[in-house]
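Report on the following structure.
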Amino acid sequence: MLNVTNINQYYGGSHILRDVNLQAELGKITVVLGRNGVGKTTLLKSLMGLIPIKTGAIEFNNKPIQNATPFERARAGIGFVPQGREIFARLTVEENLRMGLAYKPASTPIPPELFELFPVLKQMLQRRGGDLSGGQQQQLAIARALAAGPKLLMLDEPTEGIQPSIIKDIGRVIRMLADRGDMAIVLVEQYYDFAQELADHYVVMERGAVRAQGLGRNMEADGVRQMVAI
Amino acid sequence: MFKKILLSTLLLIAGSAYSITAEEVKSITIGETDSRVEALAKAMLAADDKTAAFLQALSDDAVKVAGDKILVIQGDKVVDAVTQAEVPLPDDAEDVINNNRMRGEIDSALAALKLFSKDDKVRAAAVKQLQSDADETKLPLIEKALATELNTSIKDQLNLVRAAALLGSADKSKRLEAAQLLATSGQANTKTMLLARLENETDAEVKAALGAALRQVESALAWGDKLGALFSGISLGSILLLVALGLAITYGLMGVINMAHGELMMIGAYATYVVQGLFHTYLPGAFDWYLLAAVPVAFMASALMGALLERSVIRFLYGRPLETLLATWGISLMLMQLVRSVFGAQNVGVENPSWMSGGVQVLGNLSLPYNRLIIIGFAIFVLGSVAWLIGRTRLGLFVRGVTQNRPIASCMGVNTARIDTYAFALGSGIAGLAGCALSQVGNVGPDLGQGYIVDAFMVVVLGGVGQLAGTVYAALGLGILNKFLEGWAGAVLAKIAVLVFIIIFIQKRPQGIFAMKGRSAEA
Amino acid sequence: MTPELMEQNARHAEAYRAAHPSISGNTESGGREAGFSRLAVPGEVDVTHGRILYLEDVSVSFDGFKAINKLSLDIAPGELRCIIGPNGAGKTTMMDIITGKTRPDEGRVFFGSTIDLLRYKESEIAQMGIGRKFQKPTVFEQLSVFENLELALKTNKAVGASMVFKLDSAQSDRLAEVLHTIHLSECVSRQAGFLSHGQKQWLEIGMLLMQDPKLLLLDEPVAGMTDEETERTAELFLSLKGKHSLMVVEHDMSFINTISDIVTVLCDGSVLAQGTLAQVQSDERVIEVYLGR
Amino acid sequence: MKPVVSLPSPAPLLSRTGWAAFLVALIVVCAVAPVLNLLVPAGSLFHLSDYGVGLVGRIMCYAICALAMDLIWGFTGILSLGHGLFFALGGYAMGMYLMRQIGLDGNYKSELPDFMVFLDWKELPWHWTFSDSFVATLFLIIAVPGIVAFVFGYFAFRSRIKGVYFSIITQAMTFAAMLLFFRNETGFGGNNGFTDFKRILDIPVATPSMRMTLFVLTGITLLGFFLMARWLINSKFGRVLQAVRDAETRVMFSGYNPLGYKLTIWTISAMMCGVAGALYVPQVGIINPSEMSPANSIEIAIWAAVGGRATLIGPILGAFIVSGAKSWLTVAYPEFWLYFLGALFIGVTLFLPDGVVGLVKRLATTAAAKSGDKA
Amino acid sequence: ADTIKVGVLHSLSGTMAISETVLKDTVLMAIDEINAKGGVLGKKLEPVVVDPASNWPLFAEKTKQLLGQDKVAVIFGCWTSVSRKSVLPVVEEMNGLLFYPVQYEGEELSKNVFYTGAAPNQQAIPAVDYLMSKDGGAAKRWVLLGTDYVYPRTTNKILRAYLKSKGVADKDIDEKYTPFGHSDYQTIVADIKKFSAGGKTAVVSTINGDSNVPFYKELGNAGLKAKDVPVVAFSVGEEELRGVDTKPLVGHLAAWNYFMSIKNPTNTEFIKKWSDYAKAKNLPGSDKPLTNDPMEATYIGINMWKQAVEKAKSTDTDKVIAAMAGQTFKAPSGIVSKMDEKNHHLHKSVFIGEVKADGQFNVVWKTPGPVKAKPWSPFIEGNAGKPDEPAKK
Ligand SMILES: Nc1ncnc2c1ncn2[C@@H]1O[C@H](COP(=O)(O)OP(=O)(O)OP(=O)(O)O)[C@@H](O)[C@H]1O
Ligand SMILES: Nc1ncnc2c1ncn2[C@@H]1O[C@H](COP(=O)(O)OP(=O)(O)OP(=O)(O)O)[C@@H](O)[C@H]1O
Ligand SMILES: NC(N)=O
Ligand SMILES: [Mg+2]
Ligand SMILES: [Mg+2]
């Protein structure tokens, strides 16, 4: 589904991503771990096209997309939950969700499952996104990314600031989406237990490079916990 | 309107020979004003349709003098006023010059003659004309007209005229009657007449009656004044609204401190001028409707210019609002100079179509000019369209989304570049519409925009940036406040007071009338 | 308030506490009124009745939505209080109220027994010794890490003083120490805006440490940190406890588990439950609304 | 435990090259220019014409305004669209004194300024009370803009008026003042303002040496203000200002009251403009309300932006570049100069986001990187 | 040098460009004409055009530059009084020569300036006289309406004194001002209407610049007819009416010393020259070339200067000033215009014109002959006994 080869990324003079390789498959969850500042967010932003990569290739659905604009990538079926929520503060919850449907026909309804998943959004449909509490905003951001039914879902620390019961729900949802088999998922996560529980594959990053990767069930055995700790 | 009808009726009779003598024609046309007036009065004693036709020609500036010949222009023909023979126009033919006094005399003479027209409208206009210069000499005429008049509303008016004429009568009872009659007239000039009479009146009883009449008239006038002030406030508000609406999009929503907004209005106004010129040349018959064609053209002209600016300059500046101030300032300088190079530094003339000139008389002293009424309607129309576009359509949603968070909107699949261009073009197009409207009330010149840009920003900011409803309240509020203050403090102090008001108001509401509250405001 | 005065008061308070060991953080105060007859001493937080922060019947609503509903809560000096609760329970709003950002519709908020916080502005509240870390990290993006910390430093913050301010050696030692604590020693001159999310979190905590407040309000301090860093943060907080009072809002239960004494559960704008973590974790209502099954 | 962390040492007021450049500037202003103007004969290639002196003198006044604007906009993030008012107030304060110095040499040979005679005023209005004293005038030049700014700023900052809201009310402020000063009743000469000055301190203004004195004075003031601004910005005070610009809430929660900081820099900035205005008036020979027109204030912001915000030297350069270009172009291309100027503004924003100084810095770093590569 | 430099100091941008641009072109036209005839003293004239951009201090600076750097022999320039006041100290100090072509408020007399526009007694007073006459409508009440600056204020002050001397009471005079660029005249027009209900009223308008169009548009739409309430303007000429639909304004008046519609051979030639020039240079608006009073004043000015230079056989300022006294020139207005021997102002005929539907003016009244300017109006206190010539330096 997604095939990333040797991408390099810079901020001004500093080298942030170094020859990163990454794959994501339909029905599988790929978890990216790493300490603060190793470049996880940068990686996702590069995949989304928000920052153009210097070198390397990104293939999605067997097509190269490294030169596509973010909206072309979104239309190709990549959904993104950015770090720090980034909801549209002055749009209502409903409008935020409609933005998630931007490239669908205007008449497309907001999928009702979203409200089953995040009931609070239904209650607050007319409230401005910016007025929601942090956790509510995070839920909204996930719902927004799901609204259009992407083929690849990328989540940047989606559990940040969310209450435990909903984290569990989110975990269940991610699992369920993966198990349906029509979506590939890339999950950036710091919350180790959560990550381990979901990972089909894992990737550990360090200083902008991939330090280790493997199967999710081997995470503990491969010593991933220690890798992210040091 | 009525002039046209009048003209056609007059043209019918114009074919026949004039009964007024050559001498009369000459002495009415040439000479010192005093002697001309005298001659006119004399001719009126035996006036008929022919006299009327000649006077009408005089009044229409269609009479020329060549040597000792008096010529009348009738469409393409030139005829000798006396012999009615068609003659070529001599090179040395000069216009007859009527000064205001002469014009007044001719018009009231014409009015007197028209009192017996078959057309109700012509008669009504004639009566109205007589109102302003009724005196006892016209009394026989008025009585004669009264005797034959059947239309009740004209008759009422005639009675007022008669009363006005009687006001100067030597007969006390007539004066009393006149005073009572005049009390019901809400006309401003009635007040003049009553005042003038009051000054000369010696009889106590009449004086009292005059005083009472005056009070009644004055209170009727006071109403007109109040409503008039309110109307001008609303009208000014509607202009401010039009001027600010485009800015509410480019600045309020998109965050571009668009100093070239005024120049985009100017482009709309010049587009209107160009359309007017095209109609003049190619569609003179439909000239009156040029404005309808100008509206979409003005919109498109400014919208295209806006799109061009957005693509070439503005798009590099999103997220750097203060930089947009600098760049758009540069753009505004260039656009102004461009217009100077193309159209010249002077103002250009944009005419009101005939259906926009004049106004409806609501009260004696309150007439609402059509151009203002139409602009108010136009402002409401534009406002409605913008509100619908922004609040109810996907384009509006995308515009708001994109302007709040451009990268994330693009991650949602929105083609942000295109939306930006559309939005900026839309805001610019609305500026063009404002310019089109302004061309009907103000001047069209390279500086047009400069005069409104400060006001436009005040309105948007006072309303609360990004708040369409606030913009509406601010525009109307400022308009009415300004006009209310102007009424008793004069234009200069009123303007200062309004500015001070804005400063103080913002202290109370640091985010404008419709402040966004809560966290979302900070985000 | 001059720095001398502040220090003097701090010393005074410490001496007082040393001399009266009986006045510990666990004293049940019997309400703020216990200290009612005392005079307010400027710059000094009167904690003699055993409470450093005291909220009583506080309510606030936004456009009719009651975000905080008759909330009452108090914290003892030196206590580390954990606050948990569902998203939207009102935790952040409560902090907004304490720090003067939001005015409550009703209720009372006292710092110590004499300082009515509702009467002060944000900056005054901060100067009195309440520091806050925001849920979304907020640092001075265009200044360097060093300058961020320097600005936070506890000194006289009046205009005139800041014009002539010079870092003395004690202060620079303190700065270096904090830099070390927050793992940003290598980024001293880096512009704060270029830090990663987690680094900004740390920087903000560092600024709080520089401020040396009596009461720290921490809104989700470990969000976005790795487990290891979470542990380090926990250690840090535990070391602060006693000298400072802390109020920590978190959703990370293992983190709460490491640091907590008493946990307060907020829900729908008021206290749902309070007790040790074990106690609240077994509370059915807490499981229902917050922890999940 | 004493961790080893190398803390950046506090920046010096000026670097060595900085001091050197400063000295050169000082010498040029105080020695070279006077010599070239007064001592080199008019025909010589090196002669600095009176016109040149006047032009540079005037631009230096603008540069002070740009510097003042930079303090409030560049460093504190508060865009003022009303600085022209402070400039004009300083100018008017000076102008009143100059009007009084005309004495009996006016058209109407009266103690009163001509326009007052003309308006049938029998005595000086109250606000002219101290205008005959030079010392009082010096005080007023600073105090009037200062007080106006302080009062306005106090209320505005207290109400937490921010961003464009602030910008717009400053614009309203200067616009209202302009209309007020236009009125003859206000007592400042209406639209004509003050002109036809004769003397300062009883010395004729229209002499080469007086012109040079004013020039040197302006240059020294500019350099002095530059040092002052530099000092302010390098102090912690300056950093708080920048912090206010980045995250005002954080500043408050760090225990600073932004009101005091904003108000201080705002007032200082206004006073600087006042001084600039006072120096400007005797050099150009006129002060009238058009100085308060909103466009003039916008222009001040533009100088700062063109040169490079938050750099101190940038705005000074910006004032020179923009005004210099304007002066030259209005003669060289009287019909087209607005195209050039407009293009300059657009070009700077598009290609030099950090202004001219940003460009210089960028070039310098690339050059350094290149030479580094070689080494 | 084999050319004589002539400075042209008119705003080509900013608010005054609207009025001043044509004056620049008029000077250039006259220079072309003079050069075509062999120049002055055998030398060609070389125009130095600068743009002071409607910025008053810039006027002074540009003057310094023209006189100091470019060494021009004479400057033609300025429109607003404030620009002239700004330039004045510079021309005096540098002993330059300025020709100022616009009607103004007087109260000034400088050795270095020649005023070729009207002083108040050459425009305002005759206009008021006319309106008080029977032909003018025998006005009893007066609205003095102007833009809030010195020229209107002064003019109105003089007029008020004059009207009072004619027995008009204060309550019958209403003085009103609007700010520069004022664009909404609804209230003002309504007020005029109201005021005029108290007796035969005339309006004297000293509205300047951009405000005229909205004012006249409002007047037209509010139905205030010239024969009811005539408006006489001192700053509205052919060029200003270009931007207005004049049909509703027929009969309103303007007082000037020149109208384009004046019929005489000199004027016909002048108009033709201008049209040809405008067409040849493809000036904007050349499809409808218009001439107006300040253009005529400019034209007279430059020609008289040429004659004076030839008489003095030098461009030396003092010699030219001396030679200017008593110069005459056959003016397009139809008279032989004479520079006063002493007071640096032209003797001018005054014309009152009524607006015609085509934007031109019908001359309805004129003074029997040229009127000598009184820069120091006797209606202003303290002016009595002022010398009628510039003070010697
Ligand atoms: N705009 C920027 N300019 C320069 N450097 C940046 C910028 N944004 C991030 N960085 C740097 O790039 C590195 C990677 O940042 P990134 O945000 O990708 O980290 P991360 O792995 O997502 O960290 P976290 O877990 O804290 O979110 C960090 O060292 C950060 O300081
Ligand atoms: N300005 C506002 N307008 C409307 N509703 C608001 C506003 N501020 C807060 N709220 C609402 O008040 C409630 C409490 O918000 P708060 O941010 O305090 O929650 P929280 O406990 O901090 O949640 P989280 O754990 O998700 O951060 C939420 O439902 C939120 O939507
Ligand atoms: N002199 C004038 N019209 O300002
Ligand atoms: Mg990250
Ligand atoms: Mg929260």
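Labels below follow one simple rule: chain letters A, B, ... track the order of the sequence lines, proteins then strands, and each chain is numbered from 1.
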Inset, instruction - Using non-hydrogen atoms and a 4.5 Å limit, figure out which bit of Ala409(B) sits close to chain A: side chain, backbone, both or neither. - result: both
Legend entry - Interatomic spacing from SG in Cys411(B) to CE in Met154(A) - rounded to 0.5 Å: 7.5 Å
Inset, instruction - Measure from the side-chain N and O atoms of Glu95(A) to the backbone N and O of Leu397(B), and report whether any donor-acceptor pair falls under 3.5 Å. - result: no
Legend entry - Spatial distance of atom CZ (Phe80(A)) from atom CE (Met412(B)) [nearest 0.5 Å]: 8.5 Å
Legend entry - Distance in Å, Asn405(B) CG paired with Ile87(A) CD1, rounded so as to fall on 0.5 Å steps: 9.5 Å
Legend entry - Arg418(B) CZ: over 12 foreign heavy atoms closer than 6.0 Å: no
Inset, instruction - Inspect the surroundings of OH in Tyr422(B) and state if more than 12 heavy atoms from other residues, nucleotides or ligands are less than 6.0 Å away. - result: no
Inset, instruction - Taking all non-hydrogen atoms of both residues into account, name the closest pair between Arg144(A) and Ile408(B) and its distance. - result: NH2-CG2, 3.6 Å
Inset, instruction - Might you point out which heavy atoms bring Met99(A) and Val414(B) nearest each other, and give the distance in Å? - result: CE-CG2, 3.9 Å
Inset, instruction - Specify the closest pair of heavy atoms between Thr416(B) and Phe71(A), including all atoms of both residues, with the distance to one decimal. - result: N-CD2, 4.4 Å
Inset, instruction - Please report the closest heavy-atom contact between Ser410(B) and Ala74(A), naming both atoms and the distance. - result: O-CB, 4.0 Å
Inset, instruction - Can you tell which part of Lys45(A) gets under 4.5 Å to a heavy atom of chain B, answering side chain, backbone, both or neither? - result: neither
Inset, instruction - Measure Arg98(A) against the heavy atoms of chain B and call it side chain, backbone, both or neither at under 4.5 Å. - result: both
Legend entry - Which atoms of Met48(A) approach chain B - backbone, side chain, both or neither, heavy atom under 4.5 Å: side chain
Legend entry - Tyr11(A), OH atom: more than 12 neighbouring heavy atoms under 6.0 Å: yes
Inset, instruction - Kindly check if the number of other-residue, nucleotide or ligand heavy atoms within 6.0 Å of CZ (Phe194(A)) is above 12? - result: yes
Inset, instruction - Please round to the nearest 0.5 Å and tell me the distance separating atom CD of Gln404(B) and atom CG of Leu91(A). - result: 4.5 Å
Legend entry - Inter-residue atom distance Arg394(B).CZ - Leu101(A).CG, 0.5 Å rounding: 7.5 Å
